[in-house]
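Below is one structure, written out as structure tokens, with a few remarks after it.
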Amino acid sequence: AIGSNSVGRNGGNITLTSRGNISTGNLTATGGAGEENTSTSPDTNFTGGTGGTIQITSTGANSVVRVAQITANGGDASARSGGTRVNGGDAGSVSISANVTGAYIELNQSLNLVGGNGIEGGNQGNGGAVTLTGPVVLTNNVAINSLGTTRGNISFTSTVNSDAIAARALTLDGRDVTFSGAVGNTSRLGNLQITATRDVSAGTNAITANSLDVTQSTSFTSGAINTSSTTAAGGTVDITSSGAVSTAGITTSGSTNGGAVTVAQSSSFTSGAIDTSGTTADGGNVTVQSSGAVGVGNINTSSADMNGGNVDIRSTGVGSLGGVTLGSITSRTLRTIIQNPDGSSPSSGGAVTIRGGQIILNGDIDARDDAFSATSRIADLRLTSAGSVTINHTTNFTSPINITGSGGTDTLIAANRPNAWVIDSVGTGYTGRLNEDGALGTRIRFFGFENLTGGNLADSINLSVMPT
């Protein structure tokens with residue numbers, strides 16, 4: 001209990017330094033709560049005290065710093081009813097270092113650096129910074145809480161892994177969250193959940209976990225993300241950011257379902273290949289919503305035995321600022337069982353929906369229903385503002401595609417190959433067919449394009465309706 005003489009006072013500092021191992025119990029350096037001081041004036045208000053500074057350092061090679069729960073919260077404000085607004089105290093800070101050869105940090109419980117609560121309309125205190133210098137190993141599920149009016153930064157300067165016993169969950173609430181080493185590279189994490197009011201950055205470092213959930217960030221950057229499983233369903237990847245999102249690639253494939261990938265509210269999205277394929281169950285859906293440009297490598301949402309996952313990519317940007325550039329898309333099912341009695345497929349390929357101010361297709365689209373039926377989903381591509389659709393895939397597409405203009409002045413640019421154009425109508429732009437071969441129906445149908453541009457080889461044009 002806090003004595004009366006510590007009301008509103010700051011938490012004490014804690015400093016531990018050793019050339020060998022360090023093992024702590026629970027450490028507390030919380031600021032004192034403010035309290036009405038009736039000995040001087042019944043209307044005196046007190047701000048909560050500031051949390052203390054906790055520093056733990058080992059300088060010995062091959063040493064281990066084992067840390068239990070740490071609490072350095074700010075003190076809550078206290079005020080007489082009807083008094084003026086009073087702010088809560090700021091949280092302290094935590095710095096743990098084991099940055100020498102063979103040394104590492106073990107986290108077993110939560111780190112709490114939460115600003116104290118204000119009262120009478122006062123602000124919550126600021127959250128505290130957490131800096132972990134050296135490799136980190138989680139020996140339990142761990143949460144790091146740096147909540148406050150301004151949250152504290154959370155920084156890992158080296159790798160972060162679970163112990164060998166289990167995949168450990170890591171929950172982070174802070175301002176900037178930075179990983180300067182690989183995450184889960186030797187022993188994957190459990191669920192990795194990050195809530196940040198500013199940037200989340202792993203640089204080019206890979207993240208391997210059972211699932212990844214990032215919310216409220218102003219940007220997100222990482223190397224390859226892997227939540228796949230060879231024994232169960234793949235884990236989901238959900239990233240919400242008001243700014244740019246960039247990854248080297250995302251893999252959520254599973255021995256049953258593939259995990260869904262969702263990117264929301266980004267100002268742009270760039271990624272290498274995305275693989276959400278399933279084996280005995282459905283492939284995972286890929287959903288991207290952006291206000292800016294989207295660039296993704298090959299996308300695989302197929303399933304070996306059930307339904308392919310849907311691909312839905314949308315940019316609300318105008319023209320090239322809303323451009324969507326894609327490699328190949330495979331959302332087919334590879335199911336090889338016999339057909340239903342009526343000849344229909346017992347499974348289906350995933351729907352493909354693309355929206356943008358500019359669309360560039362660099363690869364094939366394969367949304368077939370199974371290995372037997374001659375049916376397929378029809379990919380749906382649509383310009384949302386005056387712009388262009390560029391086809392760089394130089395052979396016929398596997399699945400049919402419908403491409404629709406915006407209603408403005410739009411251009412359809414065919415691949416560098418001998419193209420066969422059929423113009424069916426001329427009204428608000430040209431409507432027709434491109435490179436049809438009949439195996440699964442017309443490969444490309446286009447609607448409402450004012451300009452048609454062929455490739456660099458000989459194209460043929462069949463005017464089934466003469467322009468007026």
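Numbers here simply count residues along the sequence, with the first being 1.
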Fill in the blank from the handout: Closest non-hydrogen contact found for Asp282 with Asn307 is OD1-N, 3.0 Å

Practice task
Write down the atom of Ser315, the atom of Gly322, and the distance for their closest heavy-atom approach.
Solution key: OG-CA, 3.2 Å

For [X] and [Y], test the side chains for any donor-to-acceptor distance below 3.5 angstrom and give the result as yes or no.
| X | Y | result |
| --- | --- | --- |
| Asp312 | Asn285 | no |
| Thr251 | Asp275 | no |
| Thr316 | Ser291 | no |
| Asn153 | Ser155 | no |
| Ser110 | Asn112 | yes |
| Ser388 | Thr411 | no |
| Ser211 | Asn191 | yes |

[X] side chain vs [Y] backbone, donor-acceptor pair below 3.5 Å:
| X | Y | answer |
| --- | --- | --- |
| Ser290 | Ser266 | yes |
| Asn416 | Asn456 | yes |
| Asn226 | Ile207 | no |
| Thr279 | Gly254 | yes |
| Glu450 | Asp410 | yes |
| Thr208 | Ile225 | no |
| Ser399 | Ala367 | yes |
| Asn205 | Gly223 | no |
| Arg188 | Ala209 | yes |
| Thr252 | Gly259 | yes |

Taking side chain as C-beta onward, heavy atoms only, is [X] less than 4.5 Å from [Y]?
| X | Y | value |
| --- | --- | --- |
| Ile165 | Thr139 | no |
| Ile360 | Asn392 | yes |
| Val296 | Phe269 | yes |

Would you compute the distance between atom [atom1] of [X] and atom [atom2] of [Y] and round it to the nearest 0.5 angstrom?
| X | Y | atom1 | atom2 | value |
| --- | --- | --- | --- | --- |
| Asn257 | Met306 | CG | CE | 9.0 Å |
| Ser93 | Leu111 | OG | CG | 12.0 Å |
| His393 | Arg417 | NE2 | CZ | 8.5 Å |

Completion exercise
Residues pairing under salt bridge (Lys or Arg N to Asp or Glu O under 4.0 Å) where one sits in residues 161-172, two or more places apart or in two chains, turn out to be Asp163-Arg168

Problem - salt bridge (Lys or Arg N to Asp or Glu O under 4.0 Å) contacts touching residues 354-364 (sequence neighbours left out) - result: Arg355-Asp380

Problem - Non-neighbouring partners of Ser302 that pass side-chain hydrogen bond (donor to acceptor under 3.5 Å, both in side chains), sequence neighbours left out - result: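 Listed in chain order: Asn300.
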
Exercise for the section: Not counting sequence neighbours, which residues clear side-chain hydrogen bond (donor to acceptor under 3.5 Å, both in side chains) with Thr218? List them please. Expected result: Asp199

Practice task
Show the numbers, then the answer: is there a side-chain hydrogen bond (donor to acceptor under 3.5 Å, both in side chains) between Ser97 and Thr133?
Solution key: CA-CA 5 Å; Ser97 178; Thr133 305; 4.7 Å; no

Exercise for the section: Please report the C-alpha distance between Asn210 and Leu189 in whole Å, then the side-chain angles of each, then the deciding distance to 0.1 Å, and finally whether the side chain to side chain contact (heavy atoms under 4.5 Å, CB included) criterion is met. Expected result: CA-CA 6 Å; Asn210 287 348; Leu189 301 192; over 6 Å; no

Handout entry: Under the ring-ring contact (aromatic ring centres under 6.0 Å, His included) test, residues paired with Phe449 that sit two or more places apart
Key = none

Handout entry: Sole candidate of Leu383, Leu381, Ile401 that passes side-chain contact (heavy atoms from CB on, under 4.5 Å) when paired with Ile354
Key =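 Testing each of Leu383, Leu381, Ile401 against Ile354, the sole residue satisfying side-chain contact (heavy atoms from CB on, under 4.5 Å) is Leu381.
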
Exercise for the section: Could you give me the CA-CA distance, side-chain angles and deciding distance for Ile56 and Ile70, then say whether side chain to side chain contact (heavy atoms under 4.5 Å, CB included) is met? Expected result: CA-CA 11 Å; Ile56 304 172; Ile70 294 178; 4.3 Å; yes

Give the table of side-chain donor-acceptor pairs shorter than 3.5 Å for residues 232-245, with sequence neighbours excluded, one pair per line with atom names and distance.
{"residue": "Asp238", "atom": "OD1", "partner": "Thr262", "partner atom": "OG1", "Å": "3.4"}
{"residue": "Ser241", "atom": "OG", "partner": "Ser217", "partner atom": "O", "Å": "3.2"}
{"residue": "Ser241", "atom": "OG", "partner": "Ser217", "partner atom": "OG", "Å": "3.4"}
{"residue": "Ser241", "atom": "OG", "partner": "Ser219", "partner atom": "N", "Å": "3.2"}
{"residue": "Ser241", "atom": "OG", "partner": "Gly243", "partner atom": "N", "Å": "3.0"}

Practice task
Please determine which of Thr398, Asn362, Asn298 meets the side-chain hydrogen bond (donor to acceptor under 3.5 Å, both in side chains) test together with Ser328.
Solution key: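 Only one option passes, and that is Asn298.
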
Problem - Criterion side-chain hydrogen bond (donor to acceptor under 3.5 Å, both in side chains) against Asn435, the qualifying member of Thr395, Asn419, Asp459, Asn396 - result: Asn419

Exercise for the section: Evaluate the side chain to side chain contact (heavy atoms under 4.5 Å, CB included) criterion for residues Ile299 and Ile313: first the C-alpha distance (whole Å), next the side-chain angles of each, then the deciding distance (0.1 Å), finally the verdict. Expected result: CA-CA 11 Å; Ile299 299 174; Ile313 299 177; 3.8 Å; yes

Exercise for the section: Measure the acute angle between the ring planes of Phe156 and Phe179, then classify it against the limits of 30° and 60° as parallel, tilted or perpendicular. Expected result: parallel

Practice task
Just do the side chain to side chain contact (heavy atoms under 4.5 Å, CB included) check on Asn26 and Gln109 with the steps written out, would you?
Solution key: CA-CA 9 Å; Asn26 296 341; Gln109 296 186 46; 3.9 Å; yes

